Amino acid sequence: MLTDEVKDSFLEELNGAQRQAVTSNAQRLLVLAGAGSGKTRVLVQRMAWLMTEHRVLPHQLLAVTFTNKAAAEMLRRIEKITGNASRLWVGTFHGLSHRILRLHAKEAHLPENFQIIDADDQLRLIKRLIQERGWDDELCEPKRAMGFINRQKDEGKRAQDVSISTLPDVAMFTELYRLYEQHCQRFAIVDFAEILLRVYELWRQNPDILAYYQQRFKHILVDEFQDTNTIQYAWLKLLCTQQNHITIVGDDDQSIYGWRGAKIENIHRFHKDFPDVVTIRLEQNYRSTSTILAAANALIAHNASRLGKELWTQGVVGEPLTLYGAFNEIDEARFIVERIRAWCHGGGSFEDIAILYRSNAQSRVLEQALRQANIAYRVYGGLRFFDRAEVKDVLAYMRLLVNIDDDTAFERVLNLPPRGVGERTLASIRELAQKEQISLYKAAKQYFPSIPLGRISNGLRQFFECIEDMLVQVKMLPLSKLTQHVLEKSGLMQYVKTQPGERTTARVENLHELVQAASQFHQSYDEMFEQTSYHSEDTLPSFLSEVALDAGDREATQESCIKLMTLHSAKGLEFPLVFLAGMEDGLFPHHRCLQDKALLEEERRLCYVGLTRAMRKLYLTYAEKRAFAGLSGVNRPSRFIDEIPSQLIEAMNMNAKIMMPQTSSPKRIALNDDLPFRLGQRVLHQRFGEGVIISGDGSGETARVQVNFANEGRKWLVLAYAKLEPVE
DNA sequence: AACCATCGACTTTTT
DNA sequence: GTCGATGGTT
């Protein structure tokens, strides 16, 4: 445990508010932790404090995070302080819920071998169900259907709970939801949202099980509380009793996941549900210069609905923010490269630097410029390891070995590598499966004898032989050997090697990496259960679950390179030098958010997150003209720039004379003050109806605007001819 | 059944 | 500009 010496030293290093938060005896504690205020540290130390001062045992603590990365980091730090955290429950909502489902599979009405499917597989399944139901996927768009189903689940609703609606879409989606529920239940598959909903229902229906967890967890701690959705809140609330304690940590100003169901209101709800909440604000920032904080504070002050919080620092004033208005996106990239060079000339290093942007598509031009300048960079947030197609293919074979009724896995690998069993054959198998109400694999087996000898029958036999051989090997080989075997026996490795394309090497490497991952998992599994598993029967199901719930951030931490990522993925990180690129109305704030006050406030919070990533120096850049999505548009600098006090910003115009072609100067006049139109303006057109101006071009008689019409889509209109009327 | 060309769409992302 | 889906061709 903790020595007194260590204990004293860690309390000494805390400021007043932090110490209060660490040592509070409140039963319901809310810590409003601003960016860079030492939030994780407080959480970790509070847990250490509880374990020492209040003799709370490790297994009586529950710590919930949103990402595996955050959970791993927290665990690492607790272990470092206390030396023993093995029985501590630290994990994501999904990870913890999954653990509970495995422990109580029977009571949760799930078979032991249930498997988790990811969003990709979920979409495939939904597509298939739409087809089977005989609906047109133009009418019943799979993506929207999936969104609907997941939204219902996130709200805690089953198909039967969805209120009857006269809207045709809702009725259709609800019916699909019911079919989807049936399918998943019958074939033992569980999607991400289901994991949480199942545990919630398990607790509701089994008071004894709930009571066990309520009594066991004396202290519950939740990180990033502003990102909880309805079901997560309900999940937590069930665990809370008069006897146990809960600490929630969050920052309403950094809530940027409203679009996927996160509810800031949960913080208010917490106050309502627990009248005795003690609130502590962590407002001292240890990250940024006071100039950067002043900018961030001023920006976020424009949001109406806030709990209120203002960051301050004892640190230096630092340099002003630098604003650069580029002629176009290429010029913007060039400017950034030039500033990176200057930074490194001044003794800075590449790893200090991050370029942040609103949408992934912006990275391309930046990457080009960086490559040209020979600057090492890494783009974050691409496809994650376990999402790579070739990796998922192998995993699909392995999923079939655990659950032969896993239709999604079956469909994925039936003809992979190609063995002559195509769409037609699959359709026949599907038909039989639906008629007999059996899984695709069983249907295929049944269907097989009726096929005339030939290419198709050969291919199918080959497939069966392959699967049956693997089913035997599961009982013989350890996990890594089995993975290797699946790679060879399926012919996937061979196939990937012979496929043309530049990515061949990377794909082969990924497959080797997967064997490596399996081997690692195997080892840690054996360590955990103090045994040696000679075959994969036990380890494979856990491996697959782990893989499904873990994005696999196994990227080698690059040496010295600059980082490119979206503002969303930058949350929680910090960099000495930050560029916020693409500060243009329409891009950031995104044009889809311009109309709606709540959405605009979320964009502003996103900007706040961006600003507060910077420790020492912050650049804001925008491009007057940007080629985006194939067409070029003229943009106004982001309104967020106007919301930062101008004395904090220094405008910089590099080589303005050379780089700005003459055509660029009168451009913005068309959309400026003298005309009744501006970007984001709602307008009415006689024929096309109502729409929103999304960009403009030219001036005077040739001035034209691009309007996004509700019914007609995007159109370019010359102002002189199209009689547009502004709409309030 | 497998491959290639053309068309259109296009925030943000974890589990 | 790039990815994915679709449709026609071999």
Side-chain angles (χ1 to χ4, degrees), chain A residues 64-71 91-98 116-123 127 137-138 141-143 150 153-154 190-196 224 227-229 231-232 255-262 329 356-365 367-368 380-384 386-387 389 415-427 454-456 459 499-500 545-553 565-572 582 586-594 599 602-603 605-607 609-610 626-632 694 708 713-714:
Chain A
V64 192
T65 63
F66 269 82
T67 65
N68 291 303
K69 203 173 146 200
T92 62
F93 276 104
H94 292 85
L96 297 164
S97 297
H98 171 246
I116 299 164
I117 56 167
D118 64 14
D120 192 52
D121 291 330
Q122 190 187 16
L123 187 64
K127 273 183 188 159
D137 52 3
E138 299 253 302
E141 290 169 60
K143 283 228 173 83
N150 288 338
K153 289 193 181 192
D154 286 345
V190 166
D191 62 44
F192 288 135
E194 182 75 25
I195 299 175
L196 301 186
E224 306 277 16
D227 288 337
T228 51
N229 64 27
I231 190 75
Q232 286 159 345
S255 159
I256 55 175
Y257 286 107
W259 52 274
R260 65 179 198 216
E329 74 277 10
L356 310 181
Y357 37 78
R358 175 67 234 265
S359 69
N360 283 312
Q362 285 171 256
S363 77
R364 212 193 81 250
V365 182
E367 285 182 67
Q368 257 166 21
Y380 285 74
L383 260 193
R384 278 176 301 278
F386 290 121
D387 285 340
N415 198 31
L416 202 100
R419 32 172 98 80
V421 187
E423 206 47 49
R424 298 282 296 253
T425 317
L426 182 59
R455 194 177 48 165
I456 297 176
Q499 279 300 96
S545 306
E546 159 132 336
V547 157
L549 290 176
D550 177 11
D553 255 351
M565 65 185 89
T566 62
L567 287 154
H568 281 91
S569 33
K571 192 167 98 165
L587 224 203
F588 189 37
H590 196 271
H591 67 80
R592 289 196 190 174
C593 305
L594 257 31
L599 292 180
E602 182 154 314
E603 294 284 290
R605 291 192 292 269
L606 189 57
C607 187
V609 167
R626 181 181 294 273
F628 206 66
L631 32 90
S632 74
I694 55 175
N708 195 10
R714 294 174 181 183

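Below, read A as the first sequence line, B as the second, and so on, with proteins coming before strands; counting in each chain starts at 1. Because the structure is a prediction, the values reported are computed rather than measured. Below, each value reflects all heavy atoms present in this structure, side chains not excepted, and no hydrogens, waters or symmetry copies.
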Whole-angstrom distance between dA5(C) and dT12(B), as gauged at atom C1' | 23 Å

Under the ring pair (Phe, Tyr, Trp, His ring centres under 6.0 Å) test, which residues partner His590(A), sequence neighbours left out?
-> none

Rounded to the nearest 0.5 Å, how far apart are CG of Leu356(A) and CD of Gln362(A)?
-> 10.5 Å

Can you give me the N/O atom pairs linking the protein to nucleotides 1-5 of chain B at distances under 3.5 Å, or say none if there are none?
{"from": "dA1(B)", "atom 1": "OP1", "to": "Glu423(A)", "atom 2": "N", "distance (Å)": "3.0"}
{"from": "dA1(B)", "atom 1": "OP1", "to": "Arg424(A)", "atom 2": "N", "distance (Å)": "3.1"}
{"from": "dA1(B)", "atom 1": "OP2", "to": "Thr425(A)", "atom 2": "OG1", "distance (Å)": "3.4"}
{"from": "dA1(B)", "atom 1": "O4'", "to": "Arg455(A)", "atom 2": "NH2", "distance (Å)": "3.4"}
{"from": "dA2(B)", "atom 1": "OP1", "to": "Gly420(A)", "atom 2": "N", "distance (Å)": "3.4"}
{"from": "dA2(B)", "atom 1": "OP2", "to": "Asn415(A)", "atom 2": "ND2", "distance (Å)": "3.0"}

Rounded to the Å, how far apart are Arg364(A) CZ and dC3(C) P?
-> 10 Å

Counting heavy atoms from C-beta on, name the nucleotide in dT15(B), dT11(B), dT13(B) closest to the side chain of His568(A).
-> dT13(B)

Rounded to whole Å, NZ of Lys143(A) lies from C1' of dG8(B) at a distance of 13 Å

Would you classify Asn68(A) as touching base, sugar-phosphate or nothing, given that sugar-phosphate means primed atoms plus P, OP1 and OP2, and contacts are heavy atoms under 4.0 Å?
-> sugar-phosphate

Taking atom C1' of dT14(B) as reference, at what distance in whole Å does atom CG of Leu96(A) sit?
-> 15 Å

Quick one: is Thr566(A) getting a side-chain N or O under 4.0 Å of the dT13(B) phosphate, OP1 or OP2?
-> yes

Over how many whole Å does the gap from Ile231(A) atom CD1 to dT15(B) atom P extend?
-> 19 Å

Would you please confirm or rule out a distance under 4.0 Å between OP1 or OP2 of dT12(B) and any side-chain N or O of Asn360(A)?
-> yes

Rounded to whole angstroms, how far apart are NZ on Lys69(A) and C1' on dT15(B)?
-> 15 Å

Checking dT11(B), dT15(B), dT13(B) against the side chain of Ser359(A) (C-beta onward), the nearest is dT11(B)

Using atom CD of Glu329(A) as one end and atom P of dG1(C) as the other, report the distance to the nearest whole Å.
-> 10 Å

With syn meaning chi within 90° of zero and anything else anti, the base of dT11(B) is syn

Considering all heavy atoms, the nearest Asp550(A)-Phe386(A) contact = O-CD1, 3.3 Å

Rounded C1' spacing from dT6(C) to dT11(B) in Å = 25 Å

Tyr380(A) OH to dT14(B) P, straight-line distance once rounded to whole Å | 14 Å

Looking only at side-chain N and O atoms, does Asn150(A) come under 4.0 Å of OP1 or OP2 in dT15(B)?
-> no

How is Gln362(A) classified with respect to the nucleic acid when contacts are heavy atoms under 4.0 Å: base, sugar-phosphate, or nothing?
-> nothing

Indicate the atoms forming the closest heavy-atom contact of Ser255(A) with Asp227(A), along with that distance.
-> CA-OD1, 4.2 Å

For Thr65(A) and Ala70(A), work out which heavy atoms get closest and say how close.
-> CB-CB, 4.1 Å

CZ of Arg626(A) versus C1' of dC10(B): gap in Å, rounded?
-> 15 Å

Trp259(A) aromatic ring stacked with six-membered ring of dT12(B), 5.5 Å and 30° | yes

side-chain hydrogen bond (donor to acceptor under 3.5 Å, both in side chains) filter on Ser363(A), not counting sequence neighbours, yields Glu367(A)

Minimum heavy-atom separation for Arg419(A) to Asn415(A), with atom names?
-> N-OD1, 2.7 Å

Can you tell me if the side-chain N/O atoms of Arg358(A) get under 4.0 Å from OP1 or OP2 in dT12(B)?
-> no

Look at the rings of Tyr257(A) and His568(A) and say which category their plane angle falls in: under 30° parallel, 30 to 60° tilted, over 60° perpendicular.
-> tilted

